[in-house]
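Data first, discussion second: the structure below is written as structure tokens.
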Protein chains: 2
Amino acid sequence: MSRPRIEDVAARAGTSPITVSRVLREPAKVAPATRARVTAAIAALGYIPNLSASSLASRRSGIVGLLVPTIDNSIFAATVQGLTDAVATAGLQLLLGDFRYSDEGERALVRALVGRQPDALVVVGVVRDRALREMLLGLDIPVIETWDLTTRPVDTVVGFSNREAGAAMARHFMARGRHRLAFVGGRDQRAQARAAGFAAALERAGAPSPVTEIVDGAAIAEGRRAVARILTIAPKTEGVFFSTDMLAVGGLIECQHCNIAVPYQLAIAGLGDQEIGRELTPALTTVRVPAYEIGKNAGEIVLSRLRGDPIGKRVLNLGFSIVERESTQARSAK
Amino acid sequence: MSRPRIEDVAARAGTSPITVSRVLREPAKVAPATRARVTAAIAALGYIPNLSASSLASRRSGIVGLLVPTIDNSIFAATVQGLTDAVATAGLQLLLGDFRYSDEGERALVRALVGRQPDALVVVGVVRDRALREMLLGLDIPVIETWDLTTRPVDTVVGFSNREAGAAMARHFMARGRHRLAFVGGRDQRAQARAAGFAAALERAGAPSPVTEIVDGAAIAEGRRAVARILTIAPKTEGVFFSTDMLAVGGLIECQHCNIAVPYQLAIAGLGDQEIGRELTPALTTVRVPAYEIGKNAGEIVLSRLRGDPIGKRVLNLGFSIVERESTQARSAK
DNA sequence: CTGAAAGCGCTTACAG
DNA sequence: CTGAAAGCGCTTACAG
């Protein structure tokens, strides 16, 4: 007793396969009586259409491929959620792949995803790898880059300026009387953009160049280690901007262990506005980023493109905001 | 210029489509010279096989469907990682779906996944819903349930006993002189099993029944609220077991805000052994669960079954362990 | 080691 | 409103 095919449903409903297919895809075009018989037959047999056959015949897979650097980072979870919320209404499914922050992994992943004939691709990040860009350009499906901005997207980019976020945080520190600063972040492009914006804003203001610590991953332990190093190398540091809230939490914890008063001796800020940062004492200043909205907008752009709407803006800047909490208060605030 | 097909590759290599297909699937069976020509043609054209066509013809999709309650919970991320690590070696891809802790969502998701003709299905949780069980039993593919145990799995279950974990934690508290206890957890089956085991162990020891707080989600804020409520309802409570570390972190934070000394006034424990619990002060006692190993083993079972190996154990208990840290130390330890 | 024929289960494009 | 024919791009099973 293998799985029923469309033909079995048709036989039971006393109609043809194509009518069954229509009931599934455009029921309004089928006479109510026929439709009822077909629906009953589908239910009776527990028929589930074979989407491989459907994809092959229609050249529409109903799949949106999503490439994320890693799935164990809850900050991207909101983006996945937003994207799901947007595309699920159209019956599209997400095929998720993590490339683990490697160009090579990303190429392999794209190849694997493309084999499934996705109707669109959404990428966390902006694609810089040349070979990958070429591959994506030749794909002839919408490709949405996210979580950053670029003047020349593969197709469309929706995100915010990580560079500007870094610069804004530098100004935030300086406005509170802190000029000897440090940056902690990973090797990925977004972290690098935040670092660059941070350093550039300091330079423009005539402040010293920031000490920069590169870390692997976003673990709390990495944040702790980074602060310890910074305070050894540059004991007069007055504030540290961490590329993610989890790293910043590590910073807060290390300070607590070493009896360094935050924010009075050292100010600390993160990025992501994760719940833990709000709940700790001192509460963590952070950059709130539109993670959910990025996913939602990306999904809506995908749907619009699949409908054949005219192409809108190629660069969609959703902005960010700085949420000031205790961890960066000015010393005078005491 | 649409995408090249196997026929285009064959033409360029001066051979037939079926030989190209063989080079892709079982290269050892093709003469080296032919293989070289085909490989060159594939590279030159940037050929990527259409996996919909491949699935349809071979009745093998190369997809493993994974159903998780939610993707924004980092504790499942380790399971996803383990599963990926195991199945990627065989060229299988994960199709991930989250059913958001609802039976209805789970049924819809299974239907959506099944349409893609997965070669196997892995579920976080044990399937209790009757309709879903029937559906899965009729599927005729390996179905692996995880993260709990049951005497009658749909097919095979790999996990640990949540009930036993709850009981073990109750004994842990009692061995440290705490008998007035409380439980905090969600509505999902695993949380309920932990609650039941916790209560049963207390009853067996003649301790009072635990106060039980049901929460929605695993947010820190929920943990805070739960502790506040417990201390209002039962101010003499000596220890609280939270169903997840994140909830327990909320418990720790609430105590800090209310000047309740942990563990001296109130002991706190979680489950999951997340990094944050190790780093906070007091460090959090927790149940370490084999999240990664569950995924890894599930993947290996899938591969074994697809190879056609004889079916092994239907119930694979990977156990758990209690990691004692400061948050549950005995009062006398001071 | 290689290939011609048939078919996987759908949908498209057309006809009526 | 409904259906017969052709075809989507692969692989299986067989033959040589």
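On a predicted model such as this, the values are computed, not experimentally measured, just so you know. In what follows, chains carry the letters A, B, and so on, assigned in the order in which the sequence lines appear, proteins first and then strands, with residues in each chain numbered from 1.
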DNA chain C nearest-nucleotide lookup for B:A57 and B:T19: closer to the 5′ end is B:T19
Counted 5' to 3', the first and last nucleotides of DNA chain C within 4.0 Å (strictly under) of a heavy-atom of chain A are C:dG9 to C:dA13
Checking B:V87, B:D119, B:L95 against B:I63 for side-chain contact (heavy atoms from CB on, under 4.5 Å), the one that qualifies is B:L95
Requested in this report: Scan A:S52 against the nucleic acid and name what it touches under 4.0 Å (heavy atoms): base, sugar-phosphate only, or nothing.
Outcome: nothing
Is B:S55 touching bases, backbone alone, or none of the nucleic acid, heavy atoms closer than 4.0 Å? nothing
Looking across every strand, which nucleic acid part, if any, lies under 4.0 Å from B:R59 by heavy atom: base, sugar-phosphate, or nothing? sugar-phosphate
Sorted by position of nearest nucleotide on DNA chain D, 5' first, the leading residue of B:I18 and B:A53 is B:A53
**Request:** I would like to know whether A:R5 and A:N50 meet side chain to side chain contact (heavy atoms under 4.5 Å, CB included); could you show each step before the answer?
**Result:** CA-CA 8 Å; A:R5 294 153 306 150; A:N50 181 329; over 6 Å; no
Nearest heavy-atom approach of B:S61 to B:S55 is CA-OG, 3.4 Å
Across every strand shown, the nucleotide meeting Watson-Crick or G-U wobble geometry with D:dA13 (both distances under 3.5 Å) is none
Comparing A:I6 with B:K29, nearest DNA chain C nucleotide closer to 5' gives the residue B:K29
Exercise for review: Just do the side chain to side chain contact (heavy atoms under 4.5 Å, CB included) check on B:V126 and B:R190 with the steps written out, would you?
Suggested key: CA-CA 9 Å; B:V126 163; B:R190 290 172 296 291; over 6 Å; no
Is a side-chain N or O of B:D98 found less than 3.5 angstrom from the main chain of B:P69, in a donor-acceptor match? no
Under a 4.0 Å N-O cut-off, is there an ion pair linking B:R305 with B:D155? yes
